[in-house]
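Computed from a predicted model, the values in this text were never measured in an experiment. Because only heavy atoms are used, hydrogens play no part in the values below, and waters and symmetry mates are left out as well, while side chains stay in. We name chains A, B, ... by the order of the sequence lines, and we start the count at 1 in each one.
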Protein chains: 2
Amino acid sequence: MQGISGHELSPKRAEYLKYVADCTGAVRTTEAAARFAVAPSTATKTLEGLARAGYLEHAPYRGFSLTAKGERYARFLVRRHRIVALMLSRFGLAPEEACTEAQKMEGCVSREVVDRICASLGHPMMSVCGRIEHDPGCCSPAEPGGE
Amino acid sequence: MQGISGHELSPKRAEYLKYVADCTGAVRTTEAAARFAVAPSTATKTLEGLARAGYLEHAPYRGFSLTAKGERYARFLVRRHRIVALMLSRFGLAPEEACTEAQKMEGCVSREVVDRICASLGHPMMSVCGRIEHDPGCCSPAEPGGE
DNA sequence: TGCAAATTTGGTATGGTGCCAAACTCCTGT
DNA sequence: ACAGGAGTTTGGCACCATACCAAATTTGCA
């Protein structure tokens, strides 16, 4: 994998990035502020932080959109969320419960661990909250020998 | 059970509390500073924070020791760590690996989830890094019907 | 074109973690 | 008995993440 450790972004930033990735087109400050129940200036600053780090592109007064790097990272974040949620559901948590708790934990789960759980689960296609996309080279087709 | 959510302490504070719980008798500032590789003043302040929150008792210039509350909470922290590590080992992580990764994640895992995983695992007695103590009323004897 | 809505900027705050230097306490050895 | 060194605490400062408000700025519609 291309150097994703899973700890590049703070939990909040990761949430914002996932949100931007979920939206089609550019995200307005107001939309993000509403989504996270914060003041618009807070949304601007958090998104600005992601832009400075190269995950988003900022068209001032227009909105924020994903860069290639942001898109790649967001795919990881979504996959991580779904793997963790699926794991929790295997321990008896109901789907929405698993999803909610996954949200709380996932920020601390490394890519390494996600890949291991993913492999151990047999590279599942579905989680409790959506399809799981397996990046080529990230987890599914890799691991030639062991595991 | 008694109102432990699992999110009472920041990850660092939780680590310090576990450390104090692991030591016999009072912990000196220097010991903690060495253990966490920080300046003595930092150790003082972090431990002071735990004391102010009621988890530790502070005998100035003498050391810090657990209060009843701290002891109870530390038991939860250790149990959480071991349950999470055991869970990870079930996904193919080697013992020390599971233990290391658990350390990174456990701060974000709620008591609720710990109890669920614990139950789902059949209230195991051993983890990859030590015995698992099941507080009466915390997890094992509870859950009368379901699960 | 002018004004309302949206956005950004700058100032400020809090909490957690960290450092250093200075002040203070403890204890041991002479 | 007490001086000095080791250990500890205090106060000041810094940084990052997150958050707010008020003021300034830009956009876009009427």
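Comparing A:P11 and B:R62, the nucleotide of DNA chain D nearest to each residue sits closer to the 5' end for B:R62. Each of A:P40 and B:P40 was matched to the nucleotide of DNA chain C holding its nearest heavy atom; the match closer to the 5' end belongs to A:P40.
When the nucleotides C:dC19, C:dT17, C:dT8 are ranked by their closest atom to the side chain of A:H58, C:dT8 comes out on top. Among the nucleotides D:dT26, C:dC19, D:dT9, the one closest to any side-chain atom of B:K45 is C:dC19. Side-chain atoms of A:V38 lie closest to D:dC20 of the nucleotides D:dC20, C:dG16, C:dA6. When distances are taken from the side chain of B:Y61 to each of C:dT25, D:dC20, C:dT8, the shortest belongs to C:dT25.
Whole-Å rounding puts the A:L9 CG to D:dC16 P distance at 16 Å. A:E48 places its CD atom 14 Å from the P atom of D:dT18, with the value rounded to the nearest Å. Atoms CZ (A:R13) and P (D:dC16) sit 10 Å apart, rounded to a whole Å. For B:L17 and C:dG16, the CG to P distance is 15 Å, given to the nearest whole Å.
Between C:dT8 and A:T44, a contact under 4.0 Å exists linking OP1 or OP2 to a side-chain N or O. In this structure, A:T46 does not reach the D:dA17 phosphate: none of its side-chain N or O atoms is under 4.0 Å from OP1 or OP2.
Within 4.0 Å (heavy atoms only), A:T42 reaches at least one base atom of the nucleic acid. B:S41 comes within contact range of at least one nucleobase, with a heavy-atom separation under 4.0 Å.
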